[in-house]
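The block underneath contains the structure these notes are about, expressed in structure tokens.
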Amino acid sequence: MYEYGSGSSDASKSSSSEYRYSGPFYQDHKGYGQQRAGEIPDRRKNSFPRLMVKVICVALVFGIVASAAFQAANYVGGRMRGEDKTESAASGEIPVLPEIETTTPQTENGGQAAGRGDVTAIVQECMPSLVAITNVSVREVESFWNFGWYNMPQQREQTSTGTGIVIGQNDSELLIVTNNHVIAGSTNLTVLFSVDEGKEGADAVEAQIKGTDASKDVGVIAVSLKDIPAETLSEIKVAVIGDSSQLKVGEQVVAIGNALGYGQSVTTGIISALNRDVTLQNDDGTLINNSLIQTDAAINPGNSGGALLNMKGEVIGINEAKYSSGYVEGVGYAIPISDVEGIIGDLKTITIRPEVDADKMGYLGINCQDVTEEISEQYDMPVGIYLKSVVSGCAAANAGLKKGDIITRFDGVGVSNYDSLRDRLQYYEAGESVEVTVMTPGAGEYTEKTITVTLSSKEEVEAAS
């Protein structure tokens with residue numbers, strides 16, 4: 001048994017449930033121009049016991065599998081960094097090919113399952129839209145020489161695996177959606193297309209992160225079309241996105257993913273429940289809470305970021321987590337695709353930017369607090385980043401932002417909490433001008449406006465604070 005969350009082979013010694021991320025997950029909520037978490041008083045406190053009831057012990061099933069546990073079984077890792085052997089890639093030209101084919105939804109039997117043949121047809125049609133993701137990251141671990149009062153942390157490279165779904169292309173890139181935690185902390189990211197699995201000489205290709213939303217645990221990565229062999233491009237398909245809001249309990253589903261890093265595999269089951277409030281825990285103890293699809297289709301380590309398909313072959317969920325316990329079977333979770341379709345659309349349009357040096361990063365100069373969906377419902381406020389105060393003479397204040405405003409978009413991309421905003425800020429230097437969308441209160445309602453903000457430096461915010 002591989003119990004998820006521990007990242008080590010001795011996890012099976014415990015039969016108790018575990019529930020945390022194995023990798024880094026944008027944790028910084030302190031510092032100049034960053035959120036300092038405070039409380040919205042009174043009624044928010046009353047909701048705390050109910051939130052705790054919702055917190056179930058969930059082990060993240062995400063394809064972040066430590067190399068120590070799965071390196072021997074993961075043949076993908078052995079093909080990570082090969083050179084493209086096709087003539088078109090070697091020349092640096094994008095192959096002249098028709099637009100990548102889209103999967104064809106199944107229509108027989110009203111889209112409902114009638115037997116094994118239906119699953120076989122769905123897998124055959126949809127498998128070309130799946131990829132295996134390999135993430136090489138650096139993680140800080142405690143030193144062996146830990147004397148309590150003295151501990152020297154060490155940085156260690158780790159290789160982990162997950163899954164992605166091909167969702168489109170633009171003029172120069174193939175676009176893939178996955179879980180944020182599958183790609184978090186990446187120093188080197190590669191994908192192996194399912195159509196290349198088992199082919200002699202097939203290599204994984206490099207990918208880059210376009211954008212992520214940590215609060216919803218989704219991310220979009222891109223592969224340059226010129227890096228993909230022409231033969232592979234001709235076989236890849238773009239997944240069809242379904243409508244998860246129309247799901248019914250009892251519907252049959254198919255899950256496809258890179259389980260245990262072995263390559264794509266298939267499991268089947270049904271929709272066991274809808275709108276399950278599931279709280280996942282990060283390494284630092286912070287929590288994210290989402291409403292997920294529950295299924296009894298087996299969701300294993302490595303499946304995260306993979307597709308949960310209805311019997312038409314449409315993606316209705318992104319596999320994310322499972323309930324891990326020695327006495328629980330068949331409780332897996334997926335993100336409803338309709339809940340994040342708009343976020344994915346935003347992330348697809350992001351222009352890939354290099355991460356800036358920490359000393360050059362731009363700041364807004366704000367003291368803020370997240371407005372979660374729960375708080376939004378209680379206080380009739382837009383979901384976003386509530387400004388508790390702004391630093392005089394710095395970016396936000398200079399642009400006219402005030403206490404009480406709620407930031408909802410940054411440079412055209414939706415931001416629902418400070419983690420997602422900070423994730424974007426790390427790609428912008430001080431002095432750059434960026435469009436910021438805010439909801440401003442007045443006359444009993446909020447008005448949306450978009451303003452241009454010139455980012456401040458850390459030194460400027462420190463001096464003004």
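From a predicted model like this one, the values you see are computed outputs, not experimental measurements.
- For the residue pair Thr440/Asp405, the side-chain donor-acceptor check at 3.5 Å is satisfied.
- The environment of CD in Glu432 is crowded: more than 12 heavy-atom neighbours from other residues, nucleotides or ligands sit within 6.0 Å.
- With values rounded to the nearest 0.5 angstrom, Glu462 atom CD is found 8.0 Å from Tyr363 atom OH.
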Chi angles and distances behind the side chain to side chain donor-acceptor pair (under 3.5 Å) call for Thr103, Ser129: CA-CA 8 Å; Thr103 59; Ser129 64; 5.7 Å; no
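- Side chains of Ile183 and Ile221 form a contact here, defined as non-hydrogen atoms less than 4.5 Å apart.
- Applying the salt bridge (charged side-chain N to carboxylate O under 4.0 Å, His left out) criterion to Arg409, with sequence neighbours excluded, gives Asp346.
- Listed for the Thr178 side chain is no donor-acceptor partner under 3.5 Å among the backbone atoms of Gly164.
- Here Ile122 contributes atom CD1 and Thr268 contributes atom OG1; the two are 10.0 Å apart, rounded to the nearest 0.5 Å.
- Remark: side-chain polar atoms of Asn179 are not paired, donor with acceptor, to backbone N or O of Val182 under 3.5 angstrom.
- In this structure, Glu251 contributes its side chain and Lys248 its backbone to a donor-acceptor pair below 3.5 Å.
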Criterion side-chain contact (heavy atoms from CB on, under 4.5 Å) on Glu341 and Ile241, from CA distance to verdict: CA-CA 9 Å; Glu341 193 170 1; Ile241 304 300; 3.8 Å; yes
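- Distance CG/Asn275 to CG/Asp277: 8.0 Å, rounded to 0.5 Å.
- Distance CD/Glu320 to CD1/Ile293: 11.0 Å, rounded to 0.5 Å.
- With Asn417 contributing its side chain and Asp419 its backbone, the two residues share a donor-acceptor pair below 3.5 Å.
- Minimum heavy-atom separation, Val356 to Glu429: CG1-CG, 3.4 Å.
- Residues satisfying the ring pair (Phe, Tyr, Trp, His ring centres under 6.0 Å) test with Tyr428, not counting sequence neighbours, are Phe410.
- For Ser215 and Ser420, the side-chain atoms include no donor-acceptor pair closer than 3.5 Å.
- The environment of CG in Asp357 is crowded: more than 12 heavy-atom neighbours from other residues, nucleotides or ligands sit within 6.0 Å.
- To the nearest 0.5 Å, atom CG of residue Leu247 and atom OG of residue Ser338 are 8.0 Å apart.
- Asn180 contributes no side-chain N or O that, together with a main-chain N or O of Thr212, makes up a donor-acceptor pair within less than 3.5 Å.
- Partners of Glu435 according to the salt bridge (charged side-chain N to carboxylate O under 4.0 Å, His left out) rule, which considers only residues two or more places apart in sequence or in another chain, do not exist here.
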Residues Gln294, Tyr323; criterion side-chain contact (heavy atoms from CB on, under 4.5 Å); working and verdict: CA-CA 10 Å; Gln294 181 183 328; Tyr323 193 103; over 6 Å; no
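- Of the possible polar contacts, none joining the Asn300 side chain to the Asn303 backbone as a donor-acceptor pair under 3.5 Å is found.
- Between the side chain of Ser456 and the backbone N or O of Ala395, at least one donor-acceptor pair lies under 3.5 Å.
- Side-chain contact between Lys458 and Met361: absent, with no pair of heavy atoms (C-beta onward) separated by less than 4.5 Å.
- Contact record, Thr163 with Gly302: OG1-O, 2.6 Å, taken as the closest heavy-atom pair.
- Taking each heavy atom of Ala239 and Val315 in turn, the nearest pair found is CB-CG2, 3.8 Å.
- A side-chain donor-acceptor contact under 3.5 Å links Lys210 to the backbone of Ile350.
- A donor atom on one side chain and an acceptor atom on the other are not found under 3.5 Å apart for Thr372 and Asp370.
- When all heavy atoms of Ala464 and Val391 are compared, the closest pair comes out as CB-CG1, 3.6 Å.
- With a 4.5 Å cut-off on side-chain heavy atoms, Val254 and Met311 count as touching.
- Thr454 and Gly431 get closest at one heavy-atom pair: CG2-O, 3.6 Å.
- Thr190 contributes no side-chain N or O that, together with a main-chain N or O of Ala204, makes up a donor-acceptor pair within less than 3.5 Å.
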CA sep, side-chain torsions, deciding dist, call: Ile366, Ser389, side-chain contact (heavy atoms from CB on, under 4.5 Å): CA-CA 6 Å; Ile366 58 176; Ser389 64; over 6 Å; no
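- Under 4.0 Å is where a charged nitrogen must lie from a carboxylate oxygen, and between Lys216 and Glu373 at least one such pair does.
- In terms of heavy atoms, Ala397 sits closest to Ser392 at CB-CA, 4.2 Å.
- Contact of the Ile407 side chain with the Val436 side chain is registered, since non-hydrogen atoms from C-beta on lie closer than 4.5 Å.
- Rounding to the nearest 0.5 angstrom, the gap separating the OG atom in Ser160 from the CD1 atom in Ile133 is 10.0 Å.
- In this structure, the side chain of Gln169 engages the main chain of Ile100 through a donor-acceptor pair within 3.5 Å.
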Worked check of side-chain contact (heavy atoms from CB on, under 4.5 Å) between Leu175 and Asn170: CA-CA 8 Å; Leu175 305 173; Asn170 55 34; 4.2 Å; yes
Steps toward side chain to side chain donor-acceptor pair (under 3.5 Å) verdict (Thr295, Ser272): CA-CA 5 Å; Thr295 179; Ser272 303; 5.2 Å; no
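- A heavy-atom distance below 4.5 Å is not found between the side chains of Lys388 and Cys368.
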